[in-house]
Amino acid sequence: MQPADNIKQLQSVIPRGVTLVAVSKFHPDNAIMQAYNAGQRIFGESRAQELIAKASALPSDIQWHFIGHLQTNKVKAVLPIVSLIHSIDSERLLRAVGMEAIKIHKTVDVLLQVHVAAESTKTGFTPEELTAIAPVAASTAGISVRGIMGMATNTTDTQRITADFRSIRQCYDTLAATTFAADPHFNIISMGMSDDWQLALAAGSNMVRIGSAIFGQRTPIN
Ligand SMILES: *Cc1c(COP(=O)(O)O)cnc(C)c1O
């Protein structure tokens, strides 16, 4: 019952108004069901095949969030399943999602992923690119831009982590005051993971993506 206890613990400390995404990637269906039975309904996955398999096997009232790098050739399979894509990280992906959304008569909620962390391996738009892509995203049919997602540098330096979260928050505030000033749906700041969610909340996050603190260590697959 470990995931259930962890979910209940997190739900009791995460403030009202903050959405908890339980990141279930690499964890089996039965672990997800333990969290589900503790009341959790929003789960995050980062790989298309894994998401598709889990969505077909697990309860239909689960809201699946896609949080990883999404290849354009997986968009068609993933769109009917997901309620929010956190990880729009290129104009190409943005357009692919918009085109497929129109085909299936769905408006897809997305977040624009911003890259502020030190690691060059992490994907997303730089703050400058974000400024340029925002009006394009806002006018892409089939898409509703709900906010932005970001990650802090993977470090134990809490000042650096806080600085990264503040940069992400700054990007959000800028877009909320400009491109999306008239759009009440632009209201999500997705930042914070198992090791840094408290710092993220202090910097203004309203959606945290927590995996290992709920499900334990992941076994890397590749
Ligand atoms: C895996 C992952 C998480 C969860 O990480 P934990 O440290 O296990 O909480 C959050 N966000 C993204 C984008 C991830 O890929």
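Only this structure's heavy atoms are used, side chains among them; waters, hydrogens and symmetry mates stay out. Everything numeric in this text was worked out from a predicted model, so none of it was measured. Note that ligands are numbered from 1 as they come in the structure, with each ligand's atoms numbered from 1 the same way.
The aromatic rings of Phe186 and Phe180 sit parallel, their planes meeting at an angle under 30°, below the 60° perpendicular limit.
In summary, the atoms of ligand 1 found under 4.0 Å from a heavy atom of Gly211, numbered by their order in the structure, are 4 (C), 6 (P), 8 (O), 9 (O). Distances below 4.0 Å separate heavy atoms of Ser194 from the following atoms of ligand 1: 6 (P), 7 (O), 8 (O), 9 (O). Atoms of ligand 1 lying under 4.0 Å from at least one heavy atom of Ser212, given by number and element, are 6 (P), 7 (O), 8 (O), 9 (O).
At a 4.0 Å heavy-atom cut-off, ligand 1 does not touch Ser46 at all.
Considering both main-chain and side-chain atoms, Met193 never comes within under 3.5 Å of ligand 1 through any nitrogen or oxygen pair. Polar contact check, Arg209 against ligand 1: a nitrogen or oxygen pair lies under 3.5 Å apart. In terms of N/O distances under 3.5 Å, ligand 1 is approached by Arg218.
With hydrogens and angles ignored, the 3.5 Å screen pairs a side-chain donor or acceptor of Asn206 with a backbone N or O of Asn187. Side chain of Thr72 to backbone of Ala96: no donor-acceptor contact under 3.5 angstrom is found.
Electrostatic pairing of Asp29 and Lys54 does not count as a salt bridge here, judged by no charged N lying under 4.0 Å from a carboxylate O.
The closest approach between any non-hydrogen atom of Asp195 and ligand 1 is not below 4.0 Å.
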